[in-house]
Q: 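Handing you this structure, nothing more for now.
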There are 2 protein chains.
Amino acid sequence: APPPAANDPMWASFTAIAGQDGEVDAEELQRCLTQSGFTGSYAPFSLDTCRIMIAMLDRDFTGKMGFSEFKELFTALNGWKQNFMMFDQDRSGTVEPHEMNQALNTMGYRVSPQSLNAIIKRYNKGGRIYFDDYVACCVKLRTLTENFRRRDTMQQGAVTFQYDDFILCTMSI
Amino acid sequence: APPPAANDPMWASFTAIAGQDGEVDAEELQRCLTQSGFTGSYAPFSLDTCRIMIAMLDRDFTGKMGFSEFKELFTALNGWKQNFMMFDQDRSGTVEPHEMNQALNTMGYRVSPQSLNAIIKRYNKGGRIYFDDYVACCVKLRTLTENFRRRDTMQQGAVTFQYDDFILCTMSI
């Protein structure tokens, strides 16, 4: 019998890149995103950004991605691309730092002016934010927020971290 | 009167790269580290690694580095380079993932096997850890550990983070 995913239109592209081991690593993902034209007129994703994309969904820490994670990633990437293009109306390939607050709000994040400033300082190049860095920022913010929420079981907006758990949550991305 | 740093042998190299504003940004730092031959036979630092080097010491979030931070950075970099070379005995420019535990221990970090595994997954390329990624890993680990310790005033090995403070501590690097 064919695998349950065989009817899925994305199954073919997944198997084409996953190779022998049936999983996608960062190099394979970078090639796939470049060749499929996902980034369009924007510069291709850096290997670093692809590594944290995998880490975002790699809940078993294998460093690779199966088919369901592959689809989950594409859903997230499409959302971020739409969001980015909404702010990059002149198709310069960049958004302005002052638009980051609105961009993050649109995605449901609420951060203080101080955190926003730290994010902008980290992800701008020459005063502008490129698509690759924008996605890297979104990957990190999503992963950190998920890690936080999963521990904030009483939804109090505060989490007590042991040192090693803090390192585990933050060093993988 | 000359500035108090004028007698310092590093003052000349600092002023040469800091330019008009008297501070060093990520692009200037990358140029400086490449031209000064700091990385030697290793590949030059990526711009991303230089950005987090600055963020590590940029406690006022300006995205730039003054002279005292510049010297503090060089002290840290020299330590990490010595440490890396101790493990890269065949001068391949890489260390083996299984040596990371010892390398981190030498620097005084104690992490669980699970965290170590997450770190190795994040920072290896094709199963080896290059100098640039090694330094990026050290920069992050140092910054996260410092941020944690500064809040762990009772030295209990546990810190309660509000969401926004958690984001501030982790998104800047």
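Note on naming: letters A, B, ... go to the chains in the order of the sequence lines (proteins, then strands), and numbering restarts at 1 for each one. Heavy-atom basis, side chains included; hydrogens, waters and symmetry copies ignored.
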Q: I need the contact set between residues 141-150 of chain B and chain A: heavy-atom distance under 4.5 Å, sorted by residue number.
A: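 Residues of residues 141-150 of chain B touching chain A at under 4.5 Å: B/Leu141, B/Leu144, B/Thr145, B/Phe148.
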
Q: Give a yes or no on whether B/Val139 and B/Met107 share a hydrophobic cluster (residues Ile, Leu, Val, Met, Phe, Trp, Tyr; joining criterion: side-chain heavy atoms under 4.5 Å apart).
A: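 Yes, B/Val139 and B/Met107 fall within the same hydrophobic cluster.
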
Q: Less than 4.5 Å to any heavy atom of chain B: does that hold for the side chain of A/Ile52, its backbone, both, or neither?
A: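 When you check distances to chain B, only side chain atoms of A/Ile52 fall under 4.5 Å.
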
Q: Which of residues 76-96 of chain B get closer than 4.5 angstrom to chain A, counting heavy atoms alone?
A: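 No residue falls under the 4.5 Å cut-off.
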
Q: Considering residues, nucleotides and ligands other than B/Tyr42, do more than 12 of their heavy atoms fall under 6.0 Å from its OH?
A: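 Enclosed.
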
Q: Against chain A, work out which of B/Asp133, B/Asp58, B/Asp152 has the most heavy-atom pairs shorter than 4.5 Å and name it.
A: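 Result: the option with the highest number of such pairs is B/Asp133.
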
Q: With the 4.5 Å side-chain cut-off for hydrophobic clustering, are B/Tyr130 and B/Phe45 part of the same group?
A: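 In one cluster: no.
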
Q: Heavy-atom count check: over 12 atoms from other residues, nucleotides or ligands less than 6.0 Å from B/Phe14 CZ?
A: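 Correct, the count exceeds 12.
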
Q: Between A/Arg110, A/Met171, A/Glu27, who has the most heavy-atom pairs with chain B when the cutoff is under 4.5 Å?
A: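 Looking at each option in turn, the highest pair count goes to A/Met171.
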
Q: Are there residues of residues 156-169 of chain B whose heavy atoms fall under 4.5 Å of chain A's heavy atoms? If so, which?
A: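 Near chain A, by residue number: B/Gly157, B/Ala158, B/Val159, B/Thr160, B/Phe161, B/Gln162, B/Tyr163, B/Asp164, B/Phe166, B/Ile167, B/Leu168.
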
Q: Residue by residue, which of residues 116-128 of chain B have a heavy atom closer than 4.5 Å to a heavy atom belonging to chain A?
A: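 Residues of residues 116-128 of chain B touching chain A at under 4.5 Å: B/Asn117, B/Ala118, B/Ile119, B/Lys121, B/Arg122, B/Tyr123, B/Asn124, B/Lys125, B/Gly126.
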
